[in-house]
Amino acid sequence: DRRPPRTGHHALAAAPSGTHTVDVSVDGNGFGYGFAFYWEPCDSVNLGVLYRSEVTVDYEGHAEANRILPALQPAVGGRSSFETNAETEIHFPSDVVIGIAYKPTDELLIEVDVDYTMWDSFKGLSAHLDQQLPPLLTNEILSLKASWHNAFTYRLGGQYKINEQWTARMGYVYDQNPIPDHTLHPSLPDSD
């Protein structure tokens, strides 16, 4: 599942640049809503639908640069490390999931799920710092443009109850890549 956590600790950046590192660590909370529908039209068929709303999470924390090269230290007051407060907000997308389970026999269960995530609402993220780090230290890692597009995830699974002790399970997932080539970033590698 590509969806980042909606609450709690989230590291925005931890990327090396030369011999120094820039880390941003923040915590945040956000609120959303969801609706679920479940229907069992007969003993052998179950149908479920879930909608989760878009959630905006406001994060606060700190950014720090460590092991700053001597040539770059004058830009941060001659220090080999630098720390400042940081904040950002992330817009997590809404999604709709539809699932159907079919149980043709007491031993066999087959399930199909389709998940549609509205990634086009996620435009990117950037950390806002109380004191700006010099550009040579950040190399733009504190900002990520997204321009993602909506995508489907398809799941197919089955289980077969061999006896009271053993059940065999198998599944397949196909997850469409929502990230276009022009916004692909090393911190978010992705493919179908």
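The chain is numbered in sequence order, starting from 1.
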Original post:
Do V173 and W119 belong to the same hydrophobic cluster, where Ile, Leu, Val, Met, Phe, Trp and Tyr are linked whenever their side-chain heavy atoms lie under 4.5 Å apart, directly or via other members?
Top reply: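 No.
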Original post:
Would a hydrophobic clustering, with Ile, Leu, Val, Met, Phe, Trp and Tyr connected at side-chain separations under 4.5 Å, put M118 with Y33?
Top reply: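 Yes, same cluster.
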**OP:** Apply side-chain contact (heavy atoms from CB on, under 4.5 Å) to the pair R155 and D115, showing each step before the final yes or no.
**Re:** CA-CA 8 Å; R155 295 178 178 89; D115 182 331; 3.9 Å; yes
Can you see which heavy atom on [X] is nearest to which on [Y], and at what distance?
X    : Y    : answer
A168 : I162 : CB-CD1, 4.1 Å
V26  : A86  : CG1-O, 4.3 Å
S94  : Y51  : CB-OH, 3.6 Å

To the nearest 0.5 angstrom, please state how far the [atom1] atom of [X] sits from the [atom2] atom of [Y].
X    : Y    : atom1 : atom2 : value
L109 : E107 : CG    : CD    : 11.5 Å
Y154 : Y172 : OH    : OH    : 11.0 Å
E89  : Y59  : CD    : OH    : 11.0 Å
C42  : K103 : SG    : NZ    : 12.5 Å
T117 : Q176 : OG1   : CD    : 10.0 Å
I179 : W148 : CD1   : CH2   : 4.0 Å

**OP:** Using the side-chain contact (heavy atoms from CB on, under 4.5 Å) rule, take D113 and E111 through it: C-alpha gap first, then chi angles, then the decisive distance, then the call.
**Re:** CA-CA 7 Å; D113 298 320; E111 184 173 342; 3.0 Å; yes
Subject >> F37/F35 aromatic ring centres below 6.0 Å >> reply: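 Distance test on ring centres: not under 6.0 Å, no.
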Subject >> Partner set under side-chain contact (heavy atoms from CB on, under 4.5 Å) for D106, not counting sequence neighbours >> reply: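 Not a single residue meets the side-chain contact (heavy atoms from CB on, under 4.5 Å) criterion with D106.
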Does a side chain donor of either [X] or [Y] reach within less than 3.5 Å of an acceptor in the other side chain?
X    : Y    : value
N150 : Y116 : yes
N46  : Y38  : yes
S121 : H91  : no

Subject >> Steps toward side-chain contact (heavy atoms from CB on, under 4.5 Å) verdict (T167, K161) >> reply: CA-CA 4 Å; T167 299; K161 185 174 181 179; 4.1 Å; yes
Min side-chain heavy-atom separation [X]-[Y] under 4.5 Å:
X    : Y    : answer
V49  : V97  : no
I110 : L156 : yes
V114 : T153 : no
R52  : D95  : yes

Original post:
More than 12 foreign heavy atoms under 6.0 Å from CG of N163: is that the case here?
Top reply: yes
Original post:
Do any N or O atoms from the side chain of S44 and from the backbone of P104 form a donor-acceptor pair under 3.5 angstrom?
Top reply: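 It does not hold such a pair.
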**OP:** I would like to know whether I98 and L50 meet side-chain contact (heavy atoms from CB on, under 4.5 Å); could you show each step before the answer?
**Re:** CA-CA 7 Å; I98 299 173; L50 168 69; over 6 Å; no
